[in-house]
Amino acid sequence: MRILFPDSSSKNFEAGTTGLEIASDISRGLARNALLVRFNGRLLDLEEPLEDDGSIEILTFSDEEGRRTLRHSCSHLMAGAVQKLFPGTILGIGPAIDDGFYYDMRIPDFPGISAFEDIAEEMRRQVKEDIPFIRMEMSCDEALELFRERGESFKLELLDELREAGENISVYRHGDFVDLCRGPHVPSTGYLRNFQLLSTAGAYWKGDEKNPMLTRIYGTVFDSSKSLNAHLEMLEESRKRDHRKLGPELGLFAMGGEGGPGLAYWLPAGTIVREELESHWKKAHVKAGYQLVSTPHIAPAELWKTSGHYDYYHDNMYFLDVDKGEYALKPMNCPGHILIYKNSRRSYRELPMRLAELGVVYRCEKSGVLHGLMRVRGFTVDDGHIFCTGDQIVDEIQKVVRFALYFLRIFDFGYSIELSLMDPEDPERYAGEPEEWRKVEPALARALNEMGEDYRTVTGEAAFYGPKIDIKLRDALGRYWQGPTIQFDFNIPQRFNLTYVGDDGGEHRVYMVHRALFGSVERFIGNLIEHYAGNLPGWLAPTQVVILPITETQLEKADETGRIVSEAGLRCMVNGRNETVGYRIREAETGKIPFMFIIGEREAESDRVALRVHGEGDRGSMELDLALEIVKAGCRRPELPE
RNA sequence: GCUGGCGUAGCUCAACUGGUAGAGCAGCUGAUUUGUAAUCAGCAGGUUAUGGGUUCAAGUCCCUUCGCCAGCUCCA
């Protein structure tokens, strides 16, 4: 048979040759790293004999499918170990996930993570034994028989569904362990040396709270101990950077307890961070052609009925009585901005009209989803709404994307873009005319293409009211977070009958785009804290310079220097506490204050300071003016966008 | 919201099977006058999250409520 390789070379092999043998034929290294193959588009076990001509791709840990296969195989290994140690364990499902795997099981008398060492020990034993994973294909009835015998009630349920779907049934076995599984798997347990069990949690069977709760065990596996350790170190680093720990430690905000769940209280230092961020945001928006507006926190229920929120967002809203009428705290800013648009008859000459507001919204999130600043009940959306004509769409989208990327660049975030489109199979789900969608969706794609931005198209992920562009931001640890979002809305302009008068003198429906760049100021600051591990850029640092007189004798000089530094527009503090310099330096270092001016006898008599930079150390004694220039450069606010 | 875990001083943590709540750091006072990440001493700090129950006796056992954490679900 003729096998075609990805580099378009080809070679003849005897029919029945396996992927592993082909890999060995190419190189020993590839054979060692190979985990599975893609043959004519299908993912197959390495040891599956290939019978026909076809194109082959040998997949390793550096391929997404390779990682998933390794991890999925490890979930089998783990479940097998659990079943051996806890007889009577019934299997749920055990998929690979980003960075690892889990397995949901009903485990009798499971003691929790204290069992991890025993489970890991059993897994290591089976790794050493290098037990092969064996694929078996069978009829649905045979599989039912097999799993009925083994008491796997959840698997029987899955088999019933598979039968309805008319799927082929395959089963994988290693040692005594048997699991219903589509595959593929790595050849044997020996591949799974570098695993780590991570955590345990409850999870409902099929994610439905009416179903029984199973025990979920999370773990991960890598291709080498080196990459496993790097991953574990990253997890450790994530814990250290947790904004819920760093934020209160650095005096930025307080949460929880008497203040109510999901509500942040910004302390003076944190408020400086907010104010700096918001002030830059406002300046940048004015420069980018937005008009700033401000809308109330409450509005009559009628407004929310018109917008539709009253019906479809009711559970997330807070209501109150005002003058016997029903009011609601705003969960979104769009209706307010719409009223501003509707305040007068709009001409095409006014478009595009861009309105922006740092609008505080309240949403009644379920208690279980609250998470530090990332998910709260009251937060500030850096909201913007663009009203424009159909001809302006491409240009406006490009402007917004560029603007969003500007904000990510300021903070050295990476990013990846997703374009979410409607599901053409199910047009009923969506608001607006299909022809509008057919016009706008390609315009979004065109906007991104023209800018040369890479993006992933996800069909069926559009909101019901319109297609959208989501930009995920990637932080210093390589983690992705919800970032800027740009959403078209065919629904709300219709509900409010938003129009403009065109150059033909007729009324036209206006196009509307919602966009938020930070998403929420609170969450974005949470991201910044973790991204920078608390070492915020100089311009955001609540205190930028600490002045440390070595002894009381230099206190007066320190105060005088402090005045000069403040007059230079920097936030500074004099720390003349009765403590050793070493102690006060330590306070400044742990407080993550970017710069220190240390003034001893030598400096005091010559208008010099000894500059110390956070995280770097002593930069030596220098003229105050020079030190000030260095600090100013380190605390300079970012340039406004073009 | 659901399931599980947790809740002791501002923070980090002690207190054997129920038997007098304790330490370090932070805070305050004083001494010390300090040269690049912790000077020394003293003082103060608690209705053990909350309300109830069992007991001669509860931080410890049981129940309630609240909050936090993990996960599920949700996320216009």
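Naming: A, B, ... by sequence-line order, numbering from 1 per chain.
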Just to be sure I understand the rule, does A:E579 reach a base, reach only the sugar-phosphate, or reach nothing, if contact means heavy atoms closer than 4.0 Å? base
Could you pick out which residue, A:R577 or A:G582, lies toward the 5' side of RNA chain B when each is mapped onto its nearest nucleotide? A:R577
A:N316 CG to B:G1 C1', in whole Å, measures 12 Å
Please report, rounded to the nearest Å, how far the C1' atom of B:U3 is from the OH atom of A:Y102. 16 Å
A:K245 atom NZ, neighbour heavy-atom count above 12 within 6.0 Å: no
I want to verify a distance call: between B:U36, B:U34, B:C72, whose nearest atom is closest to the A:V581 side chain? B:U34
Over all strands shown, is A:A610 touching base, sugar-phosphate only, or nothing at heavy-atom distances under 4.0 angstrom? base
Test ring pair (Phe, Tyr, Trp, His ring centres under 6.0 Å) applied to A:Y310 and A:F319, A:W304, A:Y327, the passing residue: A:F319
About how many Å separate CD1 of A:I469 and OG1 of A:T457, when rounded to the nearest 0.5 Å? 10.0 Å
Between B:G59 and B:C40 - C1' atom distance, rounded Å: 34 Å
Mind checking A:E616 for me? I need base, sugar-phosphate or nothing, with any heavy atom below 4.0 Å counting as a touch. nothing
Encode nucleotides 65-70 of chain B as B, S and - characters from 5' to 3', where the letter depends on protein heavy atoms closer than 4.0 Å: B to the base, S only to sugar-phosphate, - to neither. --SSSS
Does A:R363 get its side chain close enough to the base of B:C74, under 3.5 Å, for a donor-acceptor pair? no
Nearest to the side chain of A:I585, which nucleotide is it out of B:G35, B:U39, B:U36? B:U36
Whole angstrom is fine here: how far is it from OH in A:Y583 over to P in B:C40? 11 Å
When all nucleic acid strands are considered with a 4.0 Å heavy-atom cut-off, which category describes A:R619: base, sugar-phosphate, or nothing? nothing
Pairwise C1' distance, B:A58 and B:U17 [rounded to whole Å]: 14 Å
With distance as the sole criterion, is a donor-acceptor pair present between the side chains of A:H243 and A:E530 under 3.5 Å? yes
Answer yes or no: side-chain N or O of A:E249 and base N or O of B:G10 forming a donor-acceptor pair under 3.5 Å. no
Pair A:E157, A:W205: side-chain N/O donor-acceptor within cut-off below 3.5 Å: yes
Please check if any side-chain donor atom of A:E601 sits under 3.5 Å from a side-chain acceptor atom of A:T553, or the reverse. no
side-chain N/O A:R612 vs B:G35 OP1/OP2, d < 4.0 Å: no
Of A:A463 and A:K206, the one whose closest RNA chain B nucleotide lies more 5': A:K206
Would you say A:R216 places a side-chain N or O within less than 4.0 Å of OP1 or OP2 belonging to B:C72? yes
Return the nearest nucleotide to the side chain of A:V369; candidates are B:A37, B:C74, B:U34. B:C74
Quiz question: by atom type and distance under 3.5 Å, do the side chains of A:H614 and A:N535 form a donor-acceptor pair? yes
At under 4.0 Å between heavy atoms, what does A:Q487 touch on the DNA or RNA strands: base, sugar-phosphate, or nothing? nothing
For B:G1, which nucleotide is its Watson-Crick or G-U wobble mate, given both distances must be under 3.5 Å? B:C72
Could you please name the option among B:U34, B:A37, B:G71 that lies closest to any side-chain atom of A:T551? B:U34
Report the distance from atom CD of A:E587 to atom P of B:C25, rounded to the nearest whole Å. 14 Å
With a 4.5 Å limit on heavy-atom distance, are the side chains of A:K557 and A:E603 in contact? no
B:U65 pairs with, by Watson-Crick or G-U criteria that keep both distances under 3.5 Å: B:A49
Base, sugar-phosphate alone, or nothing: which one does A:T590 contact when heavy atoms must sit under 4.0 Å apart? base
Using atom P in both nucleotides, what's the gap between B:U34 and B:U39 to the nearest angstrom? 15 Å
Using whole Å, report how far CZ of A:R586 lies from C1' of B:G35. 18 Å
Paired nucleotide for B:G24 [Watson-Crick or G-U wobble; both distances under 3.5 Å]: B:C11
Phosphate contact (B:U73 OP1 or OP2) by A:R375 side-chain N/O below 4.0 Å: no
Examine the side chains of A:E436 and A:Y511 and answer whether a donor and an acceptor come within less than 3.5 Å of each other. no
Separation of atom CG in A:D470 from atom C1' in B:C75, rounded to whole Å: 12 Å
Work out how far the P atom of B:U29 is from that of B:A44, and round it to whole angstrom. 15 Å
Euclidean distance, atom CD of residue A:E365 to atom P of B:C74 [Å, nearest integer]: 13 Å
Could you work out the separation of B:U48 and B:A21 based on their P atoms and round it to a whole Å? 10 Å
Return the value, rounded to whole Å, for the distance between atom CG of A:L250 and atom P of B:C11. 15 Å
